[in-house]
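To start, the structure itself, in structure tokens.
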Amino acid sequence: MPGLPALLTFIFGFKGLFILGFMAPSENAYPSHLTMQIGLARTFLNDGEFEKAGVLLESAIAQLTKIFPQDDIRVLACRSHFLQALQIQKNRKEALIQAEKILLGVEANLQQSLMMNSPVETTFHLIKLRIPLDAILSYLATEDFPEELENLTAQTFCMIEAMRSSWITSTRIKRAIAKNPGMKKLAEEIKKETEQIAVNARSKATREGLNQPLEKRDAATRDLARLLAKETVPILPSLTFSDYASRLSPGEAALTTCAFTRSRLDEQDPQNRYRATHLVSFVITSEGALSAIDLGPESLIEKAVSDFRQGISTSMSGTYHPDKKLRSLVFDPISHAVTRCSRIFLATDDVLRMIPFDALFQGKRLVGDRFEIANLNSLDDLFAPRTRPENPWFISSGGVDYLRIATQGFFRTGVTASELSDLDLTGCRLAVSCDQENQTEDLGRVGSQLLFRRQVLQTAGARATLTSLWKAPDPATREFMILFYRKLFVDRLSLREALWQSKMEVRESRPHPGNWAGWVLTGRDA
């Protein structure tokens, strides 16, 4: 599948198109009379006639659910508009009901995709689900009654993590189905009945005509989920907020971020509509506390990330002046939630993958001096056993000549993601990839590619990956690698301990962060 990296770049690199309604249901996706009704409701929303808009949207939802399942993207999109109308009318009770129905629909929709589709198809499908999910995140970011929204916030957090790990989950499901004829038959049944539901909807079938294939699909889905559970393959709904909190020991916290299109109507001036891509951060502590924190517009954060990386790449041999702006945007807002913690598990999104959190300066100290930072591809990695292998194994893919392989042979530099995805790396403790360029433009795209590379290696079986966020000078890289391997093989330190101590020793002789800060360890053994 040679075009896969380019495909994922396309999918993740154009979040701005969500703001314009990209991948929203097209005009001919709805029955013609409902297309007009929903269009009129949106006009009422823009004109400030929120009560009229709500009446039309509620009627449209009632009619849509006679034709389509509750998890159909058209139903979810219509509920998203209705949620906005209810929120601005301050109908909190009904707004919460609609938000919960949207979330249940997103969960069921994603579950169907994971069982039916390939990882690539599922990745494309996630674009459609971002629209209703953005509506919920906008709702949570705007409301000021967190206690009433505590359960919805926790469920939304779990859904975001399920979507973040969908590539790995989908790959595991496909492998399990391929080995089991019974599972394969059920997956085919789910796909067949889903297609029949679509046919019935297009032909304006009655509710009875929809119910029969829907019941068959749901029964096959339950049976397949049961079989997958026996093979220890997670399938929604598999993890709750309590499950995540239970994996944290005293003094630990988990932090995850997600980009979303925040939309807000001005009650006094409906024409003044705010729409921008924001980053939201969820923080969990071992005590079971959950905080959802809007970090603000992604454009401001991306500019700060770009300035941070530019400052590193242009003055590696000179004096470095710590950048406080980036830390104030991405770490200070969550610091109050982790004051009693010493270790933070981190699963970031988009541009935030391109910075080393432990190397952000707090005065003359680093965040890593105060907190032990453990980077994960998703928080689902918390459920893997925490191991300390006696004999670590390695695979290297990248452009540094002195790195060598210690598993079943050597792999050439420049190995592609599609080649890696076909490998069996179940005995691999650590994969090292160090060919990252000093790129400061289009950081969201590069961050998505970086996550994809890590996920491909993890899917193939590697328990951890060591990646470079920029190209460090060769002498510093050589010094770091010698120290890192010595601490692993001679001193028998854990991966995280070996990484941090090696970075700090390089820092003593080469203080500029460009020499040591870019190395990031990610994965189950991180």
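Everything quoted here is computed from the prediction, not taken from an experiment.
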Between atom [atom1] of [X] and atom [atom2] of [Y], what is the distance when rounded to the nearest 0.5 Å?
X	Y	atom1	atom2	result
T194	K191	OG1	NZ	9.5 Å
L295	I301	CG	CD1	5.0 Å
Q212	I197	CD	CD1	11.0 Å

Assess the side chains of [X] and [Y]: does a donor N or O sit below 3.5 Å from an acceptor N or O?
X	Y	answer
T256	E161	yes
Q111	E107	no
T122	N117	no
S59	Q37	yes
S335	D332	no

Flag side-chain contact, heavy atom, 4.5 Å: V280 against T257: no
Minimum side-chain heavy-atom gap R79-T65 below 4.5 Å: yes
Short N-O contact, R217 and D71, less than 4.0 angstrom: yes
Grab the two heavy atoms, one from [X] and one from [Y], that are nearest each other, plus how far apart they are.
X	Y	result
K174	L114	NZ-O, 2.6 Å
S286	S249	CB-O, 3.2 Å
V305	M354	CG1-CB, 4.4 Å

Atom CD of E51 with >12 non-hydrogen neighbours under 6.0 angstrom: no
Step-by-step side chain to side chain contact (heavy atoms under 4.5 Å, CB included) determination, L152 to L96: CA-CA 8 Å; L152 180 67; L96 181 56; 4.0 Å; yes
Sole residue of T277, D294, D134 in side-chain hydrogen bond (donor to acceptor under 3.5 Å, both in side chains) with R262: D294
Parallel, tilted or perpendicular: ring planes of F157 versus Y244, cut at 30 and 60 degrees: perpendicular
Evaluation steps, side chain to side chain contact (heavy atoms under 4.5 Å, CB included), between F260 and L279: CA-CA 6 Å; F260 74 104; L279 288 180; over 6 Å; no
